[in-house]
Amino acid sequence: MQYHYEINTPEKDELLPYIHQYIHFSSSSKKLLQKNLWPSANASLIFNFKKTKLNDKLSPVVAIAGLHDVIHVIQPEENDIDTIIVHCSPALLTVFSTTQTSFITNTIIDAKDIFGETIASLSTSLQLVKNIKARQNLLDTFFIGLLTKTTEQTSCFAKLAKAIQSNPEYKITLGTEISYRHLSRMFKQIIGVNIQTYRRLARFELAKQLIIQETPISLTGVGYQSGYYDQAHFAKEFKKLSGLRAKYFGPLCSI
């Protein structure tokens, strides 16, 4: 038996620059199932309502995975699985921590180190309800509350990251008051990696989504639409980040 999962986006438009996806997944099986968390241009907030390991270590109830170009492995310790993954902009994390986001790149930490006990209270509330719609309403309400603490600078960089994620070749237009070098330095401070690295992760993420979509296109088309220079560049980068050749990347690799 494989995982059942459902992917949704926030219902509140103001959350969209910060919260990209809610992924609810579960399974009840006699066999323990392992799931990969693929390289991503998002940070991930991971709610594990059952005993679970992340990269062979016992996971906190709520974990944060920063931007990563490595594969994180989720392995339940129980047959009954109940997990929510929130893909979010790393910019959201800077609101609650003086630590630069780059320090959690390719790292997994306890979410309480960033959000404090409020995240534990949210986790308890989510665990008490099983309905996906009700859980999403709780998540939306929690994150709407966080937006009151965001700054204009955080909002600008979250929107820039979202634009690059939607189109990895997004052209940044600079005014006379800021240099590209300064912009890239600030981007890394708030998002966690420089712009070039973020484009690389965004290309992979877009390619991954194009491969698994219900109406597939050719791999040549995937490479072109994802912004790779040519087919050789696409094949090399995809294999490097996923460990798989693009044609073997299955439909259950969507998270």
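H182 is linked by a ring-ring contact (aromatic ring centres under 6.0 Å, His included) to nothing, counting only residues two or more places apart in sequence or in another chain. Applying the salt bridge (charged side-chain N to carboxylate O under 4.0 Å, His left out) criterion to K133, with sequence neighbours excluded, gives E11. Here D82 pairs with K130, R135 under the salt bridge (charged side-chain N to carboxylate O under 4.0 Å, His left out) rule; sequence neighbours left out. The salt bridge (charged side-chain N to carboxylate O under 4.0 Å, His left out) search around K50 returns D80, not counting sequence neighbours. Residues forming a side chain to side chain contact (heavy atoms under 4.5 Å, CB included) with T197 (at least two apart in sequence, or on another chain): V193, N194. In this structure H24 satisfies the ring-ring contact (aromatic ring centres under 6.0 Å, His included) test with no other residue, sequence neighbours excluded. Annotation: salt bridge (charged side-chain N to carboxylate O under 4.0 Å, His left out) contacts of K240 (sequence neighbours excluded): none. P10 is linked by a side chain to side chain contact (heavy atoms under 4.5 Å, CB included) to L15, L16, I19, Y22, D140, counting only residues two or more places apart in sequence or in another chain. Listed by chain and number, the residues in a side chain to side chain contact (heavy atoms under 4.5 Å, CB included) with T148 amount to none (sequence neighbours excluded). Shown here are the side chain to side chain contact (heavy atoms under 4.5 Å, CB included) partners of L206, two or more places apart in sequence or in another chain: P168, L210, S226. Scanning for ring-ring contact (aromatic ring centres under 6.0 Å, His included) contacts around F238 gives F204, F234, F249, with sequence neighbours left out.
A centroid separation of less than 6.0 Å is found between the aromatic rings of Y198 and F187.
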- Message: I'd like to know whether I85 forms a side-chain contact (heavy atoms from CB on, under 4.5 Å) with I74, so could you lay out the CA-CA distance, the side-chain angles of the two residues, the decisive distance to 0.1 Å, and finally the verdict.
- Response: CA-CA 11 Å; I85 298 178; I74 303 174; 4.0 Å; yes
- Assess whether side-chain contact (heavy atoms from CB on, under 4.5 Å) is satisfied between R185 and R181, documenting all intermediate values. CA-CA 6 Å; R185 185 166 60 246; R181 182 178 179 181; 4.1 Å; yes
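Between the side chains of N106 and H68, not a single donor N or O lies within less than 3.5 Å of an accepting N or O.
When each of R200, R199, K208 is tested with E237 by the rule salt bridge (Lys or Arg N to Asp or Glu O under 4.0 Å), just one qualifies, namely R200.
When all heavy atoms of A91 and I191 are compared, the closest pair comes out as CB-CD1, 4.0 Å. Between L139 and L122, the closest heavy-atom pair is CD2-CD2, 4.1 Å. Counting all heavy atoms, side chain and backbone alike, A65 lies closest to I46 at CB-CD1, 4.4 Å. Heavy atoms only, all atoms of each residue included: L67 and A43 are closest at CD2-N, 3.9 Å.
Sorted by first and then second residue, the side-chain hydrogen bond (donor to acceptor under 3.5 Å, both in side chains) pairs involving residues 151-170 (not counting sequence neighbours) are H20-Q165, N42-Q165, T151-T154, Q165-E205, E169-R203.
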